Amino acid sequence: MPESDAPTRTAEALPKQYRPADHEPRIWSRWVEARAFEADPKRVLDGDAPPYCILMPPPNVTAALHLGHALNNTIQDILIRAHRMMGFETLWIPGADHAGIATQTVVDKRLQAEGKPALADYKKKELAGENGRDQFIALVQAWKDEYSAKIRAQSEAMGAGADWRRYRFTMDDVCARAVREAFFRLFRDGLIYRGKRLVNWDPVTQTALSDDEVEDKQIDGHFYYMKYPVVDDAGKETGGHVTVATTRPETYLGDTAVAVNKNDPERAAYIGKKVRLPLVGRVIEVIADDYVVIPDADSSDPKAQYASGFLKVTPAHDTNDWELGQRHSLDVINVMAPDATISDQHGWSDVGDAGLFVGLDRYEARKAVVAWFKENGLLDKTRPYSHSVGHSYRSHVPVEPYLSDQWYCKVTDDKLRGSAQRALVRDQRTSNSIKSWPASYPADTGAEGGDAAMTFYPSRYAKSYESWHDNLRDWCISRQLWWGHRIPVWSGSMVAWGDLLPEFEAKLAELRDQGRIAGQIGLDPEAEDFEIDATGSPAISTWESISVRSENDHEAIKVLEEFGFTQDPDVLDTWFSSGLWPLSTMGWPDASTASSLDPDAPDDFASLLPAFNPTSVLTTAREIITLWVSRMVMFNRYFLGQDDKLGAGAGRLPYDDVFIHAMIQDGEGRKMSKALGNGVDPFDIIASHGADAMRFTLAKMTTQTQDVRMPVVHDPDTGTNTSPKFDEGRNFCNKLWNAARFTLSMLDKSPHDAGRTFTPSDLSLADRWMLSRLETGAREIADAIQTYQFSSYAQSMYDLLWRDFCDWYLEAIKPRVADDPGTRATLRIALDAILRLLHPITPFVTEAVHERLRDVPMPNIEGVGFASTKSSDTLCQSGWPELDASVRDEAAETEFERVRSLVRTINETRAAHQVEPRRRVTLHISDTLAASVSANNTLVETLAGLSRITTDAPPESAAVFTFEAGEHHLSDLADAVDAGAERERLEKQIQDLSKSIGALEGRLSNPGYVDKAPEKLVNQTREQLEQTRAELATVEAALEKI
RNA sequence: GGGCGGGUAGCUCAGCUGGCCAGAGCGCUCGCUUUACACGCGAGGGGUCGCGGGUUCGAGUCCCGCCCCGCCCA
């Protein structure tokens, strides 16, 4: 309710409670209309403002945003808003990620759940030539449209002030152009190659998974001990056996060797002998390899306990066996189809009598193989065994190590891995990794934006970054999916073209010379027959794979397809396009093409990279360091190095800082997930508490640790999850609202003297103290923002607003504000400064308050100013508080602190006597205290609820208390003072004081302390002891009197 | 197995380079419709700082060992 009798300009009709829903949508529109979030790269290039840029990690379009996104968005928005107010030209580019396998699976599952034709059906259609691929992609596209709209609505609701005109989707035309160019260049440079490798194969989604997409699960399985008969050179069974131990009996069909450890005394003699695979009939050799574990029943290593000493080697179906096979040049026999059924159609020709297993699923085959071995006396035994098995993170079935053609990116090349390693700032490197660098590489320049500039916050994550690179393997970038960037490679053979070949060769050579295509032959760059077109001009006729640079180069594609070359059906790993995010969002490789591909975007692509790359900071979750952070560094440095003629890999960094934020868990320390039903939906919190409350709470939780817990409670009324944590944010916003209501009503009643300039030294103690606190607070906050300590930022604001401004400053000025223009000026400016300092965390409520406060003319106080910005239409665009060091007033802080401490002591005494808050009491103080606090009598009277302060002797009924070791009294506490309560209180005080004295005496009686501790500290302890003793004496004397 | 983080009040967390009686918010207890705010105000109770050693005049803070919890990598 408005208190003033007449409605006023600023404070009218402000409700007692801040209701976010009344303001948030309206304020969002105001920002948009004010074009507050729109960045202008020209201002940076013209030198009008320094750049500050963040690229939003694009959320997956698989689902709506969760609390982790809300946290990340909040952090970025805080940084962007703060820097905008500080005078930076700020750019925050939003977007979304197509998230290949995840989205395809989500859509497939939904179709299945709805009983509609799903992926499997569209695959059949495609095989039947009915264009199933395009139909399915259209469905995924519809899903994407739905969710990206939802995600954008959520982001806006939480106040994410991004430049939405520059929104990018990792599969839109601008991004596709970047992907195409990047792929082409890496292919041309020999850093993308086709390899036959074992991949983690998901037989359900029928796609290869990266190592990061495989989750280990503990499985209760068995060790099977299978006997293979030993044969002589003529192939005749000798009657002996070797017993191999395996958890995967069905793979015996693809065995191409048995291995033993040459240091195994019992079995080394078998090396060189031959065994025959039952049914299959294949004769394989017993080879020696140190990888084989020697059996030892007493060992603590379970492998040694279970080993038989003979290892069956199946290079096509086990990663360790693959490597072993490489070492010994063993045959690789794949016995499975892509759906993990046993098959003789994918590389297995010597089936022999094992045809009975063909067509069985891998687990059926396992049973059948075990049963057959058992029936024929070749199964020695079976033992239960718990072991870890990799599972697909999408379909959750065990992955199958599977031999297939895949495309690899040679990230182990120094131009990629090395440049990423050298990007790390020197302070954060460990000596180990520095040593691992090629000696030939030039010394670090330490130049900004180049080598040795990237800094992790918190710094410990630099270590994960480093060690990941140390153990890096080439990156499998192909995925057997439909939803994604199709691999721009056409494959085929030229052998059959006979007389026509020279004609085609000439066409291809022309296209190559124009930089429109590039070709490769062979597989792995490590292999001898590998050639890329840069070196292979005489051998165009042998090209097997050709990449076309632009998707619009229909001419080149036509030439290839005339040759019978066909485009690879696979798509690129989703991280390939995410890795290009810093480039694609800024229109790389070609600004004018980007503008034509996205006519809705501002036509300034050409200025973006020069103005804003390197970006200022990448803010992300830790699980993504390896998948994403590193790849952006590699790509940015590789391609911009080429563009800037510095050499591939020597280019700029994509960002200067990397901030890794904590992960939010539920109250029990579990990940929030749909499956567990413990997730909190940001929309629900915005509805119940408001966006600001959510943001404040999230910021306050963002400490430097890895995880933070948020107790989740289910609200049966709304059916949603929430957390009591958000009440803190809501209460805080409400506190600000009410402080503002009060301030505005004060300023309405008696406006300050506009145009007058105040000097801090002329202001009252409370005013000087408040300004000094603001100066300190602003410094703490700037420091917190600089070092990404959002929790301490929020905490500082909490203390500044609630503890300092509300609890003490507003209470202190109540009686005088009407008569003191200096106080009104301070009040006006202090609230404004608090609004500005707080705005990045809680933008809506601060803007809502500012809408009213801005009507009150801004006073001048020396040393208090605001940064200049390009506009001040809204608080959002206004300048950051700039408080001169001269505003800091330590004398005022000390003096005010003394008043606070006296008031607290009086309040304690009042509370002990249950004095009604409204009752005015009389304070009797000693002459000495009176002399030193007289200047602040009114302040003490106001804050402590006193009728007067006097040096008169107190009446008998007065309550006694000590302050600075002196004895003082309160009278008029009540009609009668409870002597019992008084005695109890004093006795407790005596107890506390005696305990302190004991501790202090103990410290001082320790000769080591007196001798070795700093003299200042010892003196301090002595003084304290003296004071405490005096206080004790006072209290004891007072107790006597009762 | 390697790496990282955590174990501080009933709960969620601060506590930087070792030094005032270890703090905050929530919850709890008591008192308050005090004319900005009950989403509030005042006061209070509550902690062997995971365990065991060590360094030091002094350790929640540094060192060593161990035990739990979580994450990442193999």
Side-chain angles (χ1 to χ4, degrees), chain A residues 1-4 11 14-19 211-212 216 301 388 458 460-461 463-464 466-468 470-471 622-623 625-626 662-663 665 667-671 689-690 693 697 700-701 703-711 723-746 783 787 789 791-792 794-795 798-799 802-803 806-807 810-811 814 903-904 906-920 944-945 988 992-993 995-997 999-1000 1002-1004 1006-1014 1016-1018 1020-1021 1023-1024 1028:
Chain A
M1 297 296 112
E3 306 66 27
S4 53
L14 289 184
K16 276 169 90 164
Q17 281 194 354
Y18 173 65
R19 289 198 299 264
D211 290 345
D212 312 289
D216 283 335
D301 178 8
S388 118
R460 70 183 113 93
Y461 290 109
K463 200 167 177 181
S464 330
E466 273 195 324
S467 62
W468 185 71
D470 289 343
N471 303 314
R622 68 172 177 281
E623 66 219 29
I625 295 177
T626 53
M663 223 166 69
Q665 303 171 333
E668 272 103 70
R670 299 173 305 181
K671 252 186 175 173
H689 289 73
T697 297
K700 190 120 181 296
M701 289 178 80
T703 60
Q704 301 291 95
T705 51
Q706 288 191 160
D707 308 306
V708 286
R709 291 185 183 193
M710 171 174 281
S723 172
K725 277 285 198 182
F726 293 111
D727 294 350
E728 187 181 354
R730 181 199 56 196
N731 296 353
F732 179 74
C733 293
N734 194 241
K735 190 71 180 176
L736 173 65
W737 182 251
N738 279 290
R741 277 205 317 141
F742 178 76
T743 301
L744 290 167
S745 73
M746 289 298 141
D783 185 58
T787 52
Q789 311 215 26
S791 175
S792 50
Q795 185 65 53
Y798 188 97
D799 292 341
W802 203 312
R803 302 276 86 101
C806 292
D807 286 357
L810 289 184
E811 295 303 328
K814 271 179 183 175
V903 169
R904 282 203 190 97
I906 295 170
N907 278 344
E908 277 167 35
T909 314
R910 290 179 62 124
H913 286 280
Q914 313 262 40
V915 180
E916 284 177 26
R918 264 195 303 185
R919 190 182 183 103
R920 299 264 155 193
K988 186 176 176 305
D992 291 349
L993 290 168
K995 206 174 134 194
S996 305
I997 289 168
L1000 292 167
R1003 205 178 302 166
L1004 286 169
N1006 179 346
Y1009 178 70
V1010 181
D1011 293 349
K1012 294 188 182 173
K1016 202 176 149 194
L1017 193 69
V1018 176
Q1020 204 181 310
T1021 312
E1023 270 169 41
Q1024 209 184 333
T1028 315

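Every heavy atom of this structure was used, including side-chain atoms; hydrogens, water molecules and symmetry mates were not. Since we're looking at a predicted model, the values are computed, not measured. Letters A, B, ... are given to chains in the order of the sequence lines, protein chains preceding strands, and every chain is numbered from 1.
Every residue two or more places apart in sequence or in another chain was checked for a side-chain hydrogen bond (donor to acceptor under 3.5 Å, both in side chains) with A:N907, and none qualifies. By the side-chain hydrogen bond (donor to acceptor under 3.5 Å, both in side chains) test, A:T703 pairs with A:T705, sequence neighbours left out. Evaluation of the side-chain hydrogen bond (donor to acceptor under 3.5 Å, both in side chains) rule for A:R910 yields no partner, not counting sequence neighbours. Every residue two or more places apart in sequence or in another chain that forms a side-chain contact (heavy atoms from CB on, under 4.5 Å) with A:K814 is listed here: A:F742, A:E811. Residues satisfying the side-chain hydrogen bond (donor to acceptor under 3.5 Å, both in side chains) criterion with A:T1021, sequence neighbours excluded, are A:Y1009.
When all heavy atoms of A:R741 and A:P15 are compared, the pair lying nearest together is CD-O, 3.4 Å.
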In dot-bracket form, how is RNA chain B paired, counting a Watson-Crick or G-U wobble pair only if both its distances are under 3.5 Å and using | for bases paired to another strand?
-> ((((((((.[[[[.)...(...]]]].(((((.......))))).....[[[[[..)....]]]]]))))))).
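Taking only side-chain atoms of A:A911, from C-beta outward, the nucleotide of B:rA43, B:rC11, B:rG19 with the closest atom is B:rA43. Picking from B:rG6, B:rG40, B:rC37 the nucleotide with the shortest atom distance to the side chain of A:T705 gives B:rG6. Comparing B:rG70, B:rA36, B:rG25 against the side chain of A:C806 picks out B:rA36 as the nearest. Proximity note for A:T703 (side chain, C-beta onward) versus B:rC37, B:rG70, B:rA14: the nearest is B:rA14. Checked against B:rU12, B:rA36, B:rG42, the side chain of A:R741 finds its nearest nucleotide in B:rA36. Each of B:rG19, B:rC39, B:rC21 was ranked by its minimum atom distance to the side chain of A:L1017; first place goes to B:rG19.
Counting atom types as modelled, A:E811 pairs a side-chain N or O with a base atom of B:rA36 as donor and acceptor under 3.5 Å. You won't find any donor-acceptor pair under 3.5 Å spanning the side chain of A:K463 and the base of B:rC4, going by distance alone.
Using the six-membered ring where Trp is involved, A:Y18 and A:W737 have ring planes that are tilted, between 30° and 60° apart.
An OP1 or OP2 oxygen of B:rU12 is reached within less than 4.0 angstrom by no side-chain nitrogen or oxygen of A:K725. Here A:K988 reaches the OP1 or OP2 of B:rG45: one of its side-chain N or O atoms lies under 4.0 Å away. Residue A:W802 has a polar side-chain atom (N or O) positioned under 4.0 Å from OP1 or OP2 of B:rC41.
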